[in-house]
Amino acid sequence: METVANVLVGLVAALHAYILVMEMFLWQKKPGRALHGFDREMARATAPMAANQGLYNGFLAAGLVWGLIAADPTGFRAQVFFLCCVVVAGVYGAVTANRRILFAQALPGALALAAVLIAQ
């Protein structure tokens, strides 16, 4: 079960690294605009906000990677903390921005969190 948990944590970290790239570097380009259905003007107007969000997603990814490479109990605690952050951010995003975030962010985080807790 530990291997499954590590794979799920790695996938959640990769997801948040992907979000970082989309929000910080591709927001105003075709892939970023297509993801949210923004035209060029809306993407330009919201780019600073998106870059800020992307930075936070990068911190989540970094924390999860830290949790994967750190020895226990630090690694376990870091994984639990950052996965809880992912779940909370996903639920908040689903309530305030787009319900799709619940399935794209909170659900993978919750599954990884459950696997980490079961593996312990």
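What you see is a predicted model, and the numbers here were worked out from it, not measured in a lab.
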Just so I know, are the side chains of [X] and [Y] near enough to count as touching, which here means a heavy-atom distance under 4.5 Å?
{"X": "Val9", "Y": "Leu83", "value": "yes"}
{"X": "Tyr92", "Y": "Leu102", "value": "no"}
{"X": "Leu60", "Y": "Cys85", "value": "yes"}
{"X": "Cys84", "Y": "Leu113", "value": "yes"}

Sub-3.5 Å donor-acceptor pair from the side chain of [X] to the main-chain atoms of [Y], do we have one?
{"X": "Asp72", "Y": "Thr74", "result": "no"}
{"X": "Thr46", "Y": "Met42", "result": "yes"}
{"X": "Arg33", "Y": "Gln28", "result": "yes"}

Treat each ILVMFWY residue as a node, draw an edge where side-chain heavy atoms are under 4.5 Å apart, and state whether [X] and [Y] are in one component.
{"X": "Val4", "Y": "Val116", "result": "no"}
{"X": "Phe82", "Y": "Phe59", "result": "no"}
{"X": "Ile19", "Y": "Ile101", "result": "no"}
{"X": "Phe38", "Y": "Leu35", "result": "no"}
{"X": "Phe81", "Y": "Leu68", "result": "yes"}

| request: Check the angle between the aromatic planes of His36 and Trp27 and answer parallel, tilted or perpendicular using the 30° and 60° thresholds. | output: tilted
Testing the basics here: between [X] and [Y], what is the closest heavy-atom pair and its distance to 0.1 Å?
{"X": "Ala13", "Y": "Ala61", "result": "O-CB, 3.4 Å"}
{"X": "Val87", "Y": "Ala110", "result": "CG2-N, 3.4 Å"}
{"X": "Glu23", "Y": "Gly54", "result": "OE1-N, 3.0 Å"}
{"X": "Ala119", "Y": "Ala5", "result": "CB-CB, 4.1 Å"}
{"X": "Val12", "Y": "Ala112", "result": "CG2-CB, 3.9 Å"}

How long is the straight-line distance from [atom2] of [Y] back to [atom1] of [X], given to the nearest 0.5 Å?
{"X": "Leu11", "Y": "Leu111", "atom1": "CG", "atom2": "CG", "value": "11.0 Å"}
{"X": "Gln120", "Y": "Met1", "atom1": "CD", "atom2": "CE", "value": "12.0 Å"}
{"X": "Leu15", "Y": "Leu64", "atom1": "CG", "atom2": "CG", "value": "10.0 Å"}

| What's the verdict on side chain to side chain contact (heavy atoms under 4.5 Å, CB included) for Asn57 and Gln105, showing C-alpha distance, side-chain angles and the deciding distance? | CA-CA 11 Å; Asn57 278 286; Gln105 183 176 355; 4.3 Å; yes
| said: Surrounding OH of Tyr56 (heavy atoms of other residues, nucleotides or ligands, distance under 6.0 Å), is the total greater than 12? | reply: no
